[in-house]
Protein chains: 2
Amino acid sequence: MDKKERILEVAEELFAEHGFEGTSTRMLAAKAGINVAMLSYYFGSKEKLFETMVDQRVNKTREKLQLIAETPISPAEKLNNVIDLYVEKILTNNCIHRIIHREISLHQRSEMTNVITDILLLNAQEIIRIIHEGQEKKIFREVDVEMTVGTIFGTISQLINSAALCSKLMNLDPTESVSSVKIQTRLQNHLKDLLHAHLTPKNASA
Amino acid sequence: MDKKERILEVAEELFAEHGFEGTSTRMLAAKAGINVAMLSYYFGSKEKLFETMVDQRVNKTREKLQLIAETPISPAEKLNNVIDLYVEKILTNNCIHRIIHREISLHQRSEMTNVITDILLLNAQEIIRIIHEGQEKKIFREVDVEMTVGTIFGTISQLINSAALCSKLMNLDPTESVSSVKIQTRLQNHLKDLLHAHLTPKNASA
DNA sequence: AAAAATTAATCAATCGTTTGATTAATTCAA
DNA sequence: TTGAATTAATCAAACGATTGATTAATTTTT
């Protein structure tokens, strides 16, 4: 097993669970089963380890998103595909997304936040482009496009960031995670249904 | 000026900006213009200060929410009122809500998290009750009610937790905050429009 | 044997908290 | 109405513990 990989793995878990400041280098070393000095040896510092971990993960989703946007299908289908992809990616990698979300919520202008913000911005603009395309083709009605993107992102984030709340709200038995396939498809269906109702012109047939 | 109040005031700011672990007692003391010892003197510990601060704020909104739920108006109107109230409360008190959101996202089962979760749960159930009422009266269609609540909470949270992202996305000039009245009404209108489209039966007239 | 990986020991800095002393305000007794 | 006793508020200084990081020595790999 690659120790460097192993460190990145436990870093994702611990940072998600205790936050950046709440995770000490000794906690990381203990959980990874290595000596503290190895962190500096491999990554230079705790902060660089954090940045490396985020960097490695943060770019993956966007390529697939762009692929969808370029596929020659209807905007409605594109949007459905985007939702399926986004929900699946975020729920199955909920650790890193909780970390990102928390980092951003601090409103601290670090190099890291800027990098993350820019990537999320690209994702958002891709979705906006899809909606605009649908509006030009008159199959989507006029809505607040930016806020609509906020609804997509926000609904998914809500589920992973307030997992305990959502669990209680949906009467999940404690063994079942909000990342389960069942919840995943339920969220996908909800978002598709919601956006369909939201974007379909009022006088159009259902 | 009451020093105890002043401490709670700056605590809200600093915890929102730097997180709990990222805020030292000396930072708090410096910003509040008091001696570090006063924190222990007044609150016992940093943790208790945190809990006091959250406790003081977290209960306020719910009373008003319940008032709306009991007012004898149509479920559609109730929902609109709930949205107006919730958006206004969260945007104008965005510090405490960022803190709460972050605390919950840690998934750490502390007494604090339980208290917060329970209160949010009550709020959520109040909204669910309103939607159910509308469904019984056949003026709302069948939807995933729990997920719909997640959409309401999530959309609002998205705006305050990813303020930098939202600012760029909506081309706000840097002086304008996401908590401005302009954005507030825009968010309220979006949510009302979204939920109206989502909940209105398909074969009903617009 | 040279290089890379790993270790225990240690560093200065900072953490949250406590201490003992001092001041200012209030209460009580004469 | 003084003067003594008590309380609350505030302070600088220091506490032990922990932080992220580094050192120098040792082991492992090539």
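Naming: A, B, ... by sequence-line order, numbering from 1 per chain.
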**Student:** Rounded to the nearest Å, what distance is computed from the CG atom of residue A:Leu28 to the P atom of nucleotide D:dA21?
**Tutor:**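 That distance rounds to 11 Å.
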
**Student:** Using whole Å, what does the distance between atom C1' of nucleotide D:dA9 and atom CZ of B:Arg6 come to?
**Tutor:**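 It works out to 18 Å between those atoms.
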
**Student:** What's the CD1-C1' distance between A:Ile34 and C:dA5, to the nearest Å?
**Tutor:**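 Rounded to the whole Å, the gap is 12 Å.
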
**Student:** So, the side chain of A:Ser177 versus the backbone of A:Ser179: is there a donor-acceptor pair under 3.5 Å, distance only?
**Tutor:**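 Judged by distance alone, yes, a pair lies under 3.5 Å.
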
**Student:** Quickly work out the A:Met27 CE to D:dG20 C1' distance and round it to whole Å.
**Tutor:**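 After rounding, the reported distance stands at 14 Å.
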
**Student:** Give me the bend of the helix from C:dA1-D:dT30 to C:dC28-D:dG3, using the axes of the five pairs at each end, rounded to 10°.
**Tutor:**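 For the helix from C:dA1-D:dT30 to C:dC28-D:dG3, the axes at either end differ by 10°.
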
**Student:** Looking at every strand, decide which applies to A:Tyr42 at a 4.0 Å heavy-atom threshold: base, sugar-phosphate, or nothing.
**Tutor:**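 It contacts sugar-phosphate atoms only.
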
**Student:** Closest approach to the side chain of B:Ala37, judged atom by atom: which nucleotide of C:dA4, C:dT18, D:dT10 is it?
**Tutor:**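 Closest nucleotide among those given: C:dT18.
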
**Student:** Once you round it to whole Å, what is the distance between P of C:dA13 and CZ of B:Arg26?
**Tutor:**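 Result: 14 Å.
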
**Student:** For a quick test of reading the model: is some side-chain N or O of A:Ser24 closer than 4.0 Å to OP1 or OP2 of D:dT18?
**Tutor:**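 So the side-chain polar atoms of A:Ser24 never come under 4.0 Å of the phosphate oxygens OP1 or OP2 of D:dT18.
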
**Student:** Under 4.0 Å between a side-chain nitrogen and a carboxylate oxygen: does that hold for B:Glu51 and B:Lys48?
**Tutor:**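 Salt bridge between B:Glu51 and B:Lys48, a charged N being under 4.0 Å from a carboxylate O: no.
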
**Student:** Specify whether A:Phe20 and A:Phe50 have parallel, tilted or perpendicular ring planes, treating 30° as the upper limit for parallel and 60° as the lower limit for perpendicular.
**Tutor:**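 Perpendicular, since the angle between the ring planes exceeds 60°.
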
**Student:** Does B:Asn35 get its side chain close enough to the base of D:dA9, under 3.5 Å, for a donor-acceptor pair?
**Tutor:**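 No.
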
**Student:** A:Met38 has a side chain; which of C:dA5, C:dC15, D:dA21 sits nearest to it?
**Tutor:**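 For A:Met38, the side-chain atoms sit closest to C:dA5.
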
**Student:** When you measure from the side chain of B:Lys192 to the backbone N and O of B:Asn81, does any donor-acceptor pair fall under 3.5 Å?
**Tutor:**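 Side chain of B:Lys192 to backbone of B:Asn81: no pair is present.
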
**Student:** Which of the following nucleotides, D:dA21, D:dC11, C:dT6, is nearest to the side chain of A:Thr25?
**Tutor:**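 Between D:dA21, D:dC11, C:dT6, the one nearest the side chain of A:Thr25 would be D:dA21.
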
**Student:** Let's see if you can work this out: which of C:dT6, C:dG16, D:dT10 has an atom nearest to the side-chain heavy atoms of B:Lys46?
**Tutor:**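 The nucleotide sitting nearest to the side chain is C:dG16.
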
**Student:** Between D:dA21, D:dT23, C:dA5, which one does the side chain of A:Ser40 approach most closely?
**Tutor:**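 Side chain of A:Ser40 sits closest to D:dA21.
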
**Student:** Counting just side-chain N and O atoms, does B:Lys3 come under 4.0 Å of either OP1 or OP2 of D:dT10?
**Tutor:**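 Yes, within the criterion.
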
**Student:** Do A:Arg141 and B:Asp193 sit within salt-bridge range, that is, some charged N less than 4.0 Å from a carboxylate O?
**Tutor:**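 Salt bridge: yes.
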
**Student:** Report yes or no: do A:Ser105 and B:His101 form a side-chain donor-acceptor pair below 3.5 Å?
**Tutor:**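 Note: A:Ser105 and B:His101 side chains miss the donor-acceptor criterion.
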
**Student:** How many whole angstroms separate atom CD of B:Glu21 from atom C1' of C:dT14?
**Tutor:**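 My rounded result for the distance is 15 Å.
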
**Student:** How many Å lie between CG on B:Leu49 and P on C:dG16, as a whole number?
**Tutor:**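 Between P of C:dG16 and CG of B:Leu49: 11 Å.
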
**Student:** Send over the distance from B:Leu39 CG to D:dA12 P, rounded to a whole Å.
**Tutor:**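 Rounding to the nearest Å, CG of B:Leu39 and P of D:dA12 are 14 Å apart.
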
**Student:** Identify each donor-acceptor pair in which a side-chain atom of residues 25-40 of chain B lies under 3.5 Å from a protein atom, sequence neighbours left out, and give them as a table.
**Tutor:**
from, atom 1, to, atom 2, distance (Å)
B:Lys31, NZ, B:Glu13, OE1, 3.2
B:Asn35, OD1, B:Ala37, N, 2.9

